[in-house]
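We count residues from 1, following the sequence as given. Atom set for the values below is all heavy atoms of this structure, side chains included, hydrogens, waters and symmetry mates excluded.
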Amino acid sequence: MKRKFLEDLGLEAEVVEKIMIESGKDTTALKAKVDELTEQVNVKETTIAEKNNKIAELEKVDVEAIKTAEYERGKTEGSKEIEVFKKQSALDKALSQYKAKDIGILSKMLDMEKVKFNDKFEIVEGLEEQINPLKESHDYLFENDRPLPQFTGNINQPANNNQITKEVFKKMGYQARNKLYNENKALYDELVKE
């Protein structure tokens with residue numbers, strides 16, 4: 001509302017001033033609200049513009065090309081894993097033919113760069129040259145045909161009863177003493193006296 005309009009109506013200057021102040025409050029509040037809404041619209045327009053730019057960038061992406069590339073990459077990695085598995089299986093089979101006791105430990109001792117495989121994943125070279133020295137230096141990793149040592153006799157008692165000393169007799173258990181008593185009572189009586 002304009003001051004001139006109020007003055008032309010014949011209102012007193014004091015009344016015109018009060019009306020103008022009150023009208024100014026309403027106008028200021030409305031202007032603030034308009035400014036706030038304008039700011040919100042600007043923010044939303046900026047956000048919409050950013051989203052539209054991202055959409056435009058994403059529309060340029062060839063999804064089918066990415067799918068194809070990822071498929072090929074997965075296929076290649078899968079083929080490598082299968083190849084590693086087949087090579088390890090062939091190695092395990094070969095090591096079992098060498099009568100390896102622990103294939104896992106023996107595998108780690110080999111230089112796999114020297115082991116060559118054919119297209120059927122059969123070992124064609126490089127293994128025997130490494131296994132033979134290991135059989136000599138680490139024979140405990142391989143089974144062999146040598147018989148294990150056999151122990152005979154009673155380990156609690158010396159082989160010759162006449163060699164039993166007082167100290168040995170003191171360390172003997174009940175069963176060993178009873179056996180000595182039954183087999184050589186004279187020696188038993190002599191050792192008991194001492």
Side-chain angles (χ1 to χ4, degrees), residues 35-160 163-164 167-168 170-179:
D35 289 345
E36 179 184 333
L37 291 173
T38 302
E39 180 63 27
Q40 288 179 7
V41 168
N42 289 340
V43 168
K44 288 181 181 179
E45 285 177 354
T46 303
T47 303
I48 289 170
E50 289 173 0
K51 300 290 182 193
N52 285 338
N53 287 339
K54 286 184 181 178
I55 289 170
E57 287 176 20
L58 291 174
E59 286 175 344
K60 294 176 186 176
V61 173
D62 186 358
V63 176
E64 289 304 315
I66 292 173
K67 283 182 184 179
T68 303
E70 285 300 307
Y71 172 77
E72 290 300 322
R73 187 176 66 85
K75 189 174 159 184
T76 302
E77 288 177 5
S79 296
K80 286 179 184 176
E81 288 177 13
I82 290 171
E83 183 179 325
V84 167
F85 176 76
K86 286 182 177 180
K87 284 181 177 181
Q88 187 61 47
S89 295
L91 179 65
D92 292 351
K93 183 179 177 183
L95 290 177
S96 68
Q97 291 173 351
Y98 283 104
K99 297 181 179 180
K101 288 183 180 178
D102 191 335
I103 292 172
I105 291 175
L106 203 53
S107 298
K108 292 176 184 173
M109 297 174 78
L110 298 174
D111 181 359
M112 292 307 294
E113 296 293 321
K114 294 179 180 177
V115 178
K116 304 297 180 207
F117 296 85
N118 63 15
D119 57 346
K120 294 179 184 176
F121 295 100
E122 297 168 337
I123 297 175
V124 292
E125 68 178 70
L127 183 61
E128 189 170 347
E129 296 82 8
Q130 294 182 63
I131 291 293
N132 289 336
L134 286 173
K135 273 187 158 183
E136 291 181 22
S137 64
H138 296 78
D139 63 337
Y140 57 89
L141 291 173
F142 300 90
E143 293 177 12
N144 56 45
D145 298 332
R146 289 178 295 191
L148 294 174
Q150 299 292 322
F151 297 100
T152 59
N154 186 350
I155 60 172
N156 291 328
Q157 170 180 340
N160 186 350
Q163 294 179 355
I164 297 176
E167 291 78 29
V168 171
K170 287 180 185 178
K171 293 178 184 176
M172 290 172 75
Y174 172 77
Q175 289 179 343
R177 286 183 180 193
N178 191 28
K179 185 176 180 184

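- Legend: ring-ring contact (aromatic ring centres under 6.0 Å, His included) pairs involving residues 113-143, not counting sequence neighbours, sorted by first then second residue: H138-Y140.
- Electrostatic pairing of K87 and E83 counts as a salt bridge here, judged by a charged N lying under 4.0 Å from a carboxylate O.
- In plain terms, the two heavy atoms of A100 and L106 that are nearest each other are CB-CD2, 3.6 Å.
- To the nearest 0.5 Å, the span separating NZ on K93 from CD on E122 amounts to 7.5 Å.
- Of the inter-residue distances, the one linking E129 atom CD with L110 atom CG reads 11.0 Å to the nearest 0.5 angstrom.
- In this structure E39 satisfies the side chain to side chain donor-acceptor pair (under 3.5 Å) test with no other residue, sequence neighbours excluded.
- Of all the heavy atoms in G126 and V115, the pair that sits closest is O-CG2, 4.0 Å.
- Here K108 contributes atom NZ and M112 contributes atom CE; the two are 13.5 Å apart, rounded to the nearest 0.5 Å.
- Counting non-hydrogen atoms of other residues, nucleotides and ligands closer than 6.0 Å to NZ of K114 gives a total of 12 or fewer.
- Using a 4.5 Å heavy-atom cutoff, the side chains of Q40 and E36 are in contact.
- Closest non-hydrogen pair, I164 versus M172, comes out as CG2-SD, 4.3 Å.
- With respect to the salt-bridge test (charged N to carboxylate O, under 4.0 angstrom), the residues E57 and K54 do not qualify.
- With a 6.0 Å radius and a threshold of 12 heavy atoms from other residues, nucleotides or ligands, E128 has its CD atom at or below the threshold.
- For the atom pair CG (N42) and CD (E45), the distance works out to 6.0 Å, reported to the nearest 0.5 Å.
- Within a 6.0 Å radius of CD in E113, no more than 12 heavy atoms belonging to other residues, nucleotides or ligands are found.
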* I131 and L95: side chain to side chain contact (heavy atoms under 4.5 Å, CB included), yes or no, with the steps? -> CA-CA 9 Å; I131 291 293; L95 290 177; 3.4 Å; yes
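- Between the side chains of Q88 and D92, at least one donor N or O sits under 3.5 Å from an acceptor N or O.
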* To do: Please step through side chain to side chain contact (heavy atoms under 4.5 Å, CB included) for the pair I48 and K51, ending with a clear verdict.
  => CA-CA 5 Å; I48 289 170; K51 300 290 182 193; 5.7 Å; no
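- Listed here is the closest heavy atom pair of Q130 and D111: OE1-N, 2.7 Å.
- Listed here is the closest heavy atom pair of L127 and A94: CD2-CB, 3.5 Å.
- Of the charged side-chain nitrogens involved, at least one lies within less than 4.0 Å of a carboxylate oxygen, so that E77 and R73 count as a salt-bridged pair.
- K75 NZ to T68 OG1: the interatomic distance, rounded to the nearest 0.5 Å, is 11.5 Å.
- Rounded to the nearest 0.5 angstrom, N178 CG and Q175 CD are separated by 8.0 Å.
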* Test log, rule salt bridge (Lys or Arg N to Asp or Glu O under 4.0 Å), inputs E167 and K170 -> CA-CA 5 Å; E167 291 78 29; K170 287 180 185 178; 5.8 Å; no
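- The number of heavy atoms from other shown groups lying within 6.0 Å of CD (E136) does not exceed 12.
- For the residue pair I105 and D102, the shortest heavy atom distance occurs at CD1-OD2, 3.1 Å.
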